[in-house]
Amino acid sequence: MRTRAVLMSLVAAGAVLGLAGPAQAAASGDVVVFSTEAQPLDVYRDPAGCQRLPTVAHVLTNQTDGPVRIYGNPFCLGPSLVVQPGYGTHVPGGLGSFSA
């Protein structure tokens, strides 16, 4: 009985931590961020994980094969806006981030 309880606890913990689900593949393609006319574009090739946006970021375009999530904080946490492949959006400068 005790072994069953331990096994159930491990399964539950694995599900909560995401260990039971499939791994997410990195996006293929580019995420391009425009900040100002005086700066070159920031290009993120095959982005994976959480990426902090430049301080003066203005527009993000998603040229990857998957959705990109935009966050209003540097940690990719909380509410987000989804940008589908081939689309773009205005982004929060200063503390924003994205994940692909």
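Keep in mind that the numbers below use all heavy atoms, side chains included, and drop hydrogens, waters and symmetry copies.
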Value rounded to 0.5 Å, distance of OG in S97 from CZ in R52: 8.5 Å

Cluster check L41, L53: I/L/V/M/F/W/Y, side chain < 4.5 angstrom: no

Point-to-point distance, once rounded to the nearest 0.5 Å, from CG of D42 to CD of Q51: 11.0 Å

G78 to Y71 - nearest heavy-atom pair and separation: O-CE2, 3.6 Å

Joint cluster assignment, V83 & V91, ILVMFWY side-chain distance < 4.5 Å: yes

Could you give the side-chain donor-acceptor pairs of residues 26-35 under 3.5 Å, partners two or more places apart or in another chain?
unit_1	atom_1	unit_2	atom_2	d
D30	OD1	R45	NH1	3.4
D30	OD2	R45	NH1	3.0

NE2 on H58 to OG1 on T36, rounded to 0.5 Å: 10.0 Å

Chi angles and distances behind the side chain to side chain contact (heavy atoms under 4.5 Å, CB included) call for F98, V68: CA-CA 7 Å; F98 75 90; V68 169; 3.7 Å; yes

Check against side chain to side chain contact (heavy atoms under 4.5 Å, CB included), F75 and C50: CA-CA 7 Å; F75 310 111; C50 184; 5.6 Å; no

Single-linkage hydrophobic cluster, 4.5 Å side-chain cutoff, L77 and I70 together: no

Separation between CG of L60 and OH of Y44, rounded to the nearest 0.5 Å: 8.5 Å

Worked verdict on Q39 versus V56 for side chain to side chain contact (heavy atoms under 4.5 Å, CB included): CA-CA 10 Å; Q39 296 176 284; V56 291; 3.2 Å; yes

